[in-house]
Amino acid sequence: MFTARVLAGAPLALVILALSGCSSLWSCTDTTAERGEAGVRVQIEDASGRPLGVTAEVVDWRLEPHPQVPADGSQVHFHYRFDGAQEISGPAVDACAVDKERVALGCQTVYSSEAFGPDGDLTGDSWLTVEHPEQVVGVLLIPNDQSYDGRTCEQDIKDGGGPHPPEPASMGDQL
């Protein structure tokens with residue numbers, strides 16, 4: 001009789017463990033998006049590869065000394081635009097100064113929330129520090145949204161996982 005009661009309660013105990021997150025049956029999977037094709041004008045996509053309806057564009061760039069540190073010599077000063085982004089929270093993309101082989105000489109993430117303008121046409125400017133400014137032939141944007149990277153399975157097996165953006169671009173990356 002005791003054995004029958006234990007066996008009858010076992011499925012309930014397993015359900016409670018599974019719902020509480022204490023079960024080894026919990027499944028969590030992380031995926032990392034492929035880096036999109038860099039360009040002067042890109043359609044921004046989320047970590048699943050879906051377009052966000054926002055375009056980012058390098059409007060212009062030039063080599064010049066940064067006004068706060070002119071002794072450092074020429075740096076890459078570029079202007080960018082986000083079309084279709086929200087002013088407060090929106091996407092972010094990596095911007096990289098590249099050489100003639102499209103190798104990144106310096107990169108940083110630019111955020112649409114740091115740009116200004118009316119009706120979703122947000123503009124801003126930024127600076128890229130590079131070791132050899134004479135090698136710069138352009139500034140490219142990578143279309144992957146870098147504004148949010150959720151928790152990984154390793155960080156939180158119960159609520160983590162899912163798609164993640166690629167690693168941010170860095171010097172030496174082939175774009």
Side-chain angles (χ1 to χ4, degrees), residues 21 26-63 66 75-133 135-175:
W26 201 266
S27 176
C28 186
T29 305
D30 287 308
T31 58
T32 301
E34 292 289 324
R35 182 177 285 164
E37 180 70 27
V40 173
R41 181 179 170 90
V42 296
Q43 294 290 324
I44 302 173
E45 56 190 46
D46 67 13
S48 298
R50 292 184 300 258
L52 296 178
V54 177
T55 301
E57 178 180 14
V58 175
V59 179
D60 67 15
W61 69 274
R62 63 187 166 277
L63 295 174
H66 191 290
Q75 297 179 25
V76 180
H77 184 202
F78 68 102
H79 290 86
Y80 57 89
R81 176 175 47 232
F82 287 91
D83 292 324
Q86 298 176 6
E87 280 189 57
I88 297 173
S89 66
V93 294
D94 289 334
C96 297
V98 296
D99 67 11
K100 64 182 178 182
E101 306 290 326
R102 293 176 59 111
V103 173
L105 301 173
C107 299
Q108 74 175 42
T109 304
V110 291
Y111 295 82
S112 63
S113 60
E114 295 174 354
F116 303 94
D119 304 322
D121 183 17
L122 308 174
T123 59
D125 73 306
S126 193
W127 295 81
L128 293 167
T129 302
V130 297
E131 286 185 37
H132 301 284
Q135 294 178 357
V136 176
V137 298
V139 176
L140 300 178
L141 302 174
I142 299 170
N144 305 90
D145 183 11
Q146 295 286 347
S147 65
Y148 175 75
D149 188 8
R151 298 177 61 81
T152 64
C153 293
E154 185 176 311
Q155 295 167 326
D156 185 347
I157 193 160
K158 182 178 172 197
D159 296 321
H164 301 278
E167 288 295 317
S170 61
M171 187 170 65
D173 287 356
Q174 177 71 48
L175 304 180

- Item | Evaluation steps, side chain to side chain contact (heavy atoms under 4.5 Å, CB included), between Thr123 and His79 | CA-CA 7 Å; Thr123 59; His79 290 86; over 6 Å; no
- Task: Mind checking side chain to side chain donor-acceptor pair (under 3.5 Å) for Asn144 and listing every partner two or more places apart, or none if nothing turns up?
- Result: none
- Which heavy-atom pair separates Thr29 from Cys153 by the least distance, and what is that distance? N-SG, 3.2 Å
- Do you know the tightest heavy-atom contact between Ala56 and Val93? CB-CG2, 4.3 Å
- Query: Taking atom CG of Leu122 and atom OH of Tyr111, what is their separation to the nearest 0.5 Å?
  - Reply: 15.5 Å
- Message: Suppose the criterion is side-chain hydrogen bond (donor to acceptor under 3.5 Å, both in side chains): which pairs have a residue in residues 48-59, not counting sequence neighbours?
- Response: Arg41-Glu57, Gln43-Thr55, Asp46-Arg50, Glu57-Arg81
- Message: As an exercise, state the distance from OG of Ser112 to CG of Leu52, rounded to the nearest 0.5 Å.
- Response: 10.0 Å
Listing, residues 102-109 side-chain donor-acceptor contacts under 3.5 Å, not counting sequence neighbours, or none:
unit_1 : atom_1 : unit_2 : atom_2 : d
Arg102 : NE     : Leu175 : O      : 3.4
Arg102 : NH2    : Glu37  : OE2    : 3.3
Arg102 : NH2    : Ala38  : O      : 2.9
Arg102 : NH2    : Leu175 : O      : 3.1
Gln108 : NE2    : Ser126 : OG     : 2.3
Thr109 : OG1    : Asp94  : OD1    : 2.6

- Message: Show, in sequence, the C-alpha distance, side-chain angles and deciding distance for Val42 and Ile142, and conclude whether the side chain to side chain contact (heavy atoms under 4.5 Å, CB included) test is met.
- Response: CA-CA 7 Å; Val42 296; Ile142 299 170; over 6 Å; no
- Task: For the residue pair Val40 and Leu140, establish whether any side-chain heavy-atom pair is separated by less than 4.5 Å.
- Result: yes
- Item | Euclidean distance, Asp125 CG relative to Phe116 CZ, rounded to 0.5 Å | 10.0 Å
- Item | Exercise: identify the closest heavy-atom pair between Phe82 and Val110 | CZ-O, 3.8 Å
- Smallest separation among heavy atoms of Ala169 and Cys96, with atom names: CB-SG, 3.6 Å
- Please identify each residue that fulfils side chain to side chain donor-acceptor pair (under 3.5 Å) with Thr32, with sequence neighbours left out. none
- Return the minimal non-hydrogen interatomic distance between Pro91 and Asp145, and the atom names on each side. CA-OD1, 3.3 Å
- Check: Glu101 main-chain N/O paired with Gln174 side-chain donor or acceptor under 3.5 Å: yes
- Classify the ring geometry between Trp127 and His77 as parallel (under 30°), tilted (30 to 60°) or perpendicular (over 60°). parallel
- Message: Using the side chain to side chain donor-acceptor pair (under 3.5 Å) criterion, which residues pair with Glu167? Sequence neighbours excluded.
- Response: none
- Applying side chain to side chain contact (heavy atoms under 4.5 Å, CB included), name anything that partners Glu154, two or more places apart in sequence or on another chain. Thr152
- Query: Name the one of Leu63, Val76, Leu128 that satisfies side chain to side chain contact (heavy atoms under 4.5 Å, CB included) with Pro133?
  - Reply: Leu63
- Task: Heavy atoms only: give me the nearest Pro168-Asp173 pair and the separation to one decimal.
- Result: O-OD2, 4.4 Å
